[in-house]
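Report on one structure; see the data block that follows.
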Amino acid sequence: MYCDITVQTAAFDLGAEELALRAHAGDAGALVAFQGMVRAHDEATPLAALFLEHYPGVTEAEIRRIAEQAAARWPVSACRVIHRVGALAPGEPIVLVLIAAGHRAGAFAAAEYLMDYLKTQAPFWKREDFVDGSSRWVEAKASDDAACGRWHD
Amino acid sequence: MYCDITVQTAAFDLGAEELALRAHAGDAGALVAFQGMVRAHDEATPLAALFLEHYPGVTEAEIRRIAEQAAARWPVSACRVIHRVGALAPGEPIVLVLIAAGHRAGAFAAAEYLMDYLKTQAPFWKREDFVDGSSRWVEAKASDDAACGRWHD
Amino acid sequence: MSITLLYFGVLKDTLGCSTETLAWDGGTTATLLDVLRGRGEEWALALAPGKVFRLVVNQQIVRGDAAIPDGAEVGILPPVTGG
Amino acid sequence: MSITLLYFGVLKDTLGCSTETLAWDGGTTATLLDVLRGRGEEWALALAPGKVFRLVVNQQIVRGDAAIPDGAEVGILPPVTGG
């Protein structure tokens, strides 16, 4: 399986990544993309920015391990993950997962697996900076743990 | 819900469609794209081209009905479907489903629902034209019926 | 009085026809299928009750027996294979 | 002999520290946590057994008690909140 993992501050381009991945995807019939955007209104006070940090080297290696787990479970031809760090304004894309696979069921399952795992296990930390000047580090969500847990049955 | 359905012979651009859809998606935190490509090697004889036809008007209305079912089931902000018809070479994108939603679970579920439904219920007909000059109309697949069936429980 | 028939997918090849105008004295989708099946063995086989996927009258998918008004467009759809 | 400690996320703010060099006479991750918890109530609370998510020694996530060699980089990771 072709697998390319990047953690970066820069924005990414879904269309360009899709074209690049298809060049590595052989006769794949299905491509699933997930893109996450920063939400402004999850809390009572609107968000000014989301600040993310990661553990360079460790984070990339963990994501690769997770992607290889997904490829062992479903027939995946190629995989691309980009996760942004630093300060991100509401509406900005923060994470991209692209999966190319022979058929749609495997592509959907692998993309969802990777996203569930990224949200619960990959070493990222988020701080919410609000428009009123307050800020706080996000705590781990129980719902994300639950979403990930269903793969471990 | 914003919903835009097109059946066309022309190619489409996933990146451009993603940007356009996000303009209609409000504070959506999740975007899922499915793109299907023509596979060359599903049969013993390689495919020269896939020829698709649809029922103009009826096909678009059916897809819209399906998209509205998905939006009734999961919180979907915006939806874009492009399905190509005419002669398509192996590797060419044939269908695009884009779903923007508040959170990832609904976006994945709605995209998968729409794809399962498109494969089994929308009025499209495929003819396979092989490199040896033979050609045949594709018969409905039992596996696609089964994939769709799980939503009707 | 007449109606327009549209055939799709494999039916075009099987029946050797993609569009036709048919004289119509009124009736339902059942009437129409009887007329078409009466054209010969190929038509009877291709449009046998277990084989016809759907009929569409004036762009509305119909289930069961439905009236076909004068001037209607009737689509005859084999099982779909899209996506 | 020394090791480098890296703190992430909320721990940076709670402990007022993002990176430090610590004199190190050898030992394990348990030894290190004892040293850090001994720095005062805030450290003891932030690094209480139920709170620490993971320790990473030389870029390898460790589970249970693990040796920390001289010159090691040790990451101290609170629960992750990424994606």
Side-chain angles (χ1 to χ4, degrees), chain A residues 12-23 25-43 46-47 50 77 90-116 118-119 141 143-144 146-147 150, chain B residues 12-23 25-43 46-47 50 77 90-116 118-119 141 143-144 146-147 150:
Chain A
F12 53 78
D13 178 338
L14 170 57
E17 296 299 334
E18 176 257 328
L19 285 176
L21 193 71
R22 276 209 284 139
D27 194 30
L31 186 138
V32 169
F34 178 89
Q35 182 174 272
M37 282 81 66
V38 177
R39 284 168 60 92
H41 297 288
D42 269 356
E43 309 295 332
L47 199 68
L50 198 62
S77 317
E92 278 195 74
I94 164 172
V95 58
L96 176 68
V97 168
L98 274 175
I99 302 282
H103 298 279
R104 71 186 187 282
F108 273 117
E112 206 166 356
Y113 176 82
L114 213 44
M115 276 309 304
D116 288 348
L118 275 172
K119 293 283 260 185
K141 280 186 204 165
S143 66
D144 283 334
R150 67 186 154 102
Chain B
F12 52 78
D13 179 338
L14 170 56
E17 296 299 334
E18 176 256 329
L19 285 175
L21 193 71
R22 277 209 283 141
D27 194 30
L31 186 138
V32 169
F34 178 89
Q35 182 174 271
M37 282 80 67
V38 176
R39 285 168 59 91
H41 297 288
D42 268 357
E43 308 297 332
L47 200 68
L50 198 62
S77 318
E92 278 196 73
I94 164 172
V95 57
L96 177 68
V97 167
L98 274 174
I99 302 283
H103 297 279
R104 71 185 187 283
F108 274 117
E112 207 166 353
Y113 176 82
L114 213 44
M115 276 309 305
D116 288 348
L118 276 172
K119 294 282 263 185
K141 280 186 204 167
S143 66
D144 283 334
R150 66 186 156 102

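Every chain is numbered from 1 and lettered A, B, ... according to where its sequence line falls, protein lines coming before strand lines.
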Do you know which two heavy atoms are closest between A:R39 and B:G29, and how far apart they sit? CG-CA, 3.6 Å
Let me confirm one number: the CG-CD distance from A:D13 to B:E18, rounded to the nearest 0.5 Å. 8.0 Å
Taking every non-hydrogen pair under 4.5 Å, which of B:A16, B:A33, B:G26 racks up the most with chain A? B:A33
Please look at A:V38 and chain B and tell me whether the side chain, the backbone, both or neither of the residue comes under 4.5 angstrom of a heavy atom of that chain. backbone
If every non-hydrogen atom of B:R22 is compared with every non-hydrogen atom of A:P93, which pair is closest and at what distance? NH2-CG, 3.5 Å
Do you know which of B:A107, B:G91, B:G36, B:A40 has the most heavy-atom pairs under 4.5 Å to chain A? B:A40
Quick one: CG on A:L31 to CG on B:L14, what's the gap to the nearest 0.5 Å? 7.5 Å
Among A:E112, A:K119, A:Q35, side-chain contact (heavy atoms from CB on, under 4.5 Å) partner for B:R104: A:K119
Quick check for you: to the nearest 0.5 Å, what is the distance between B:F108 atom CZ and A:F34 atom CZ? 5.5 Å
Quick one: what part of A:A111 sits under 4.5 Å from any heavy atom of chain B, side chain, backbone, both or neither? both
Per the side chain to side chain donor-acceptor pair (under 3.5 Å) rule, what does the pair list look like for residues 93-102 of chain B, sequence neighbours excluded? none
Which residue pairs pass the salt bridge (charged side-chain N to carboxylate O under 4.0 Å, His left out) test when at least one of the two sits in residues 26-35 of chain B, sequence neighbours left out? none
